[in-house]
Amino acid sequence: MTNDGLGPDPRHRAAILAALTRGIARDVDRLPLPARLCNAFVDVFGGAGAAITLGYHQPDRLTLCATDPTVARLDGLQEVLGEGPGWDAFTSRRVVTADLRHPTPWEHFSSTARQELGELWVCAAPMRPDDRALGVVMVYDESPEAIGGDPVLAQFLADAVGAALLGHDALLTDDVGPWVVRQQVHQAVGMVVAQLGISPVDAMAVIRAHAYSQDTDVEAIAALVLDRALDFSDAGPTTKDPA
């Protein structure tokens with residue numbers, strides 16, 4: 001299901017933005033802005049949890065927040081497998097929904113998600129406050145019936161979240177939080193480039209392949225590379241005993 005409309009009518013837009021603003025203002029002393037935006041999106045749209053990810057194309061991808069382990073895994077699986085509703089939402093700049101109880105266009109993502117997480121419904125909405133797609137807000141629940149799943153509302157909220165993130169350059173330069181984790185992935189890519197003499201794109205593909213084969217995420221493989229517990233410089237990858 002996709003949506004290219006302008007969103008709810010002006011009266012409803014004002015009410016939705018007021019609810020989103022109240023959500024952003026909560027826990028201001030306890031949670032960073034991305035986490036508050038995730039929570040506010042769920043408060044207004046519904047759902048069991050949400051994630052905000054900037055970009056979806058390597059190496060620029062950065063997950064700013066995930067409300068719970070389930071949505072974090074949904075997000076991580078899409079990075080490892082290179083497919084899923086988030087990828088399609090980002091490239092098409094349209095809302096993409098997926099009912100994992102039924103066949104989807106993403107065979108590997110759907111089957112793995114069903115095995116690990118059960119039969120879920122996922123909605124991915126591109127954040128497009130200007131002419132480009134800034135990233136994706138992804139929300140999940142047990143079924144669309146549980147939250148309504150209105151793609152017009154999802155798109156309007158995602159655009160509002162994207163607008164809230166614009167201009168917050170500190171989100172990308174913090175010395176703590178998700179940026180540090182992603183920096184470590186970039187460093188690991190550089191090490192694999194040096195070890196194998198390949199391009200950064202190919203190095204990222206190597207890391208993703210190992211994450212898939214070990215049923216983990218790219219951050220975990222990057223940590224092994226940085227710790228030199230995983231080394232590709234010989235004829236094949238070697239995993240060394242950390243002790």
Side-chain angles (χ1 to χ4, degrees), residues 1-26 31-57 60-68 70-72 74-79 83-99 104 106 109 120-141 144 146-168 171-172 178:
M1 184 180 297
T2 62
N3 168 60
D4 283 323
L6 296 176
D9 65 58
R11 185 175 58 183
H12 288 154
R13 285 201 297 268
I16 292 166
L17 287 174
L20 189 68
T21 301
R22 288 193 297 271
I24 294 171
R26 278 201 307 269
L31 295 175
L33 176 62
R36 285 180 278 127
L37 287 169
C38 267
N39 291 337
F41 191 98
V42 172
D43 288 345
V44 179
F45 184 74
I52 297 175
T53 302
L54 297 181
Y56 250 76
H57 297 164
D60 297 323
R61 179 189 175 103
L62 174 67
T63 298
L64 292 177
C65 67
T67 59
D68 60 70
T70 296
V71 74
L74 285 169
D75 188 65
L77 278 175
Q78 291 181 83
E79 177 170 25
E83 65 175 24
W87 280 85
D88 284 10
F90 185 74
T91 55
S92 70
R93 300 179 69 248
R94 297 180 178 183
V95 173
V96 176
T97 60
D99 190 338
T104 75
W106 321 285
F109 167 74
L120 301 174
W121 179 82
V122 180
C123 175
M127 297 182 292
R128 47 182 204 188
D130 51 25
D131 291 336
R132 62 196 172 96
L134 177 66
V136 172
V137 182
M138 182 173 60
V139 65
Y140 81 96
D141 211 320
I147 57 177
D150 179 5
V152 175
L153 176 58
Q155 186 61 74
F156 180 72
L157 284 171
D159 290 344
V161 167
L165 289 171
L166 282 177
H168 286 77
L171 291 174
L172 302 181

**Asked** Looking only at heavy atoms, which two atoms of P34 and L64 are closest? And how far apart?
**Response** CB-CB, 3.8 Å
**Item:** Side-chain donor or acceptor of Q155 paired with backbone N/O of A125 under 3.5 Å
**Value:** no
**Message:** I'd like to know if the side chain of R93 reaches the main chain of P126, judged simply by a donor and an acceptor atom lying under 3.5 Å from each other, with no hydrogens or angles considered.
**Reply:** no
**Message:** For G86 versus V136, what's the shortest heavy-atom pair and its separation?
**Reply:** O-CG2, 3.6 Å
**Prompt:** Distance from L157 atom CG to L17 atom CG, nearest 0.5 Å?
**Reply:** 8.0 Å
**Between D75 and Y140: side-chain donor-acceptor atoms closer than 3.5 Å** = no
**Asked** Is a donor on one side and an acceptor on the other found under 3.5 Å between the side chain of D159 and the backbone of G162?
**Response** no
**Item:** Donor-acceptor under 3.5 Å (T97 side chain, C123 main chain)
**Value:** no
**Which atom of T67 lies closest to which atom of C38, heavy atoms considered** = CG2-CB, 3.7 Å
**Prompt:** Judged by atom type as modelled, is there a donor-acceptor pair below 3.5 Å linking the side chain of R61 to the main-chain atoms of L54?
**Reply:** no
**Prompt:** Which pair of non-hydrogen atoms, one from E79 and one from W87, has the smallest distance, and what is that distance?
**Reply:** N-NE1, 4.1 Å
**Message:** For W106, is there any backbone N or O sitting under 3.5 Å from a side-chain donor or acceptor partner on T104?
**Reply:** yes
**Fill in**
What one should report as the nearest heavy-atom pair of V122 and P85 is CG1-CG, 3.9 Å
**Asked** Any idea how F41 and F45 line up, ring-wise: parallel (<30°), tilted (30 to 60°), or perpendicular (>60°)?
**Response** tilted
**Request:** Check whether any side-chain heavy atom of T63 sits under 4.5 Å from a side-chain heavy atom of I52, and report yes or no.
**Result:** no
**Prompt:** Atom CG of L77 and atom CD of E83: how far apart are they, to the nearest 0.5 Å?
**Reply:** 10.0 Å
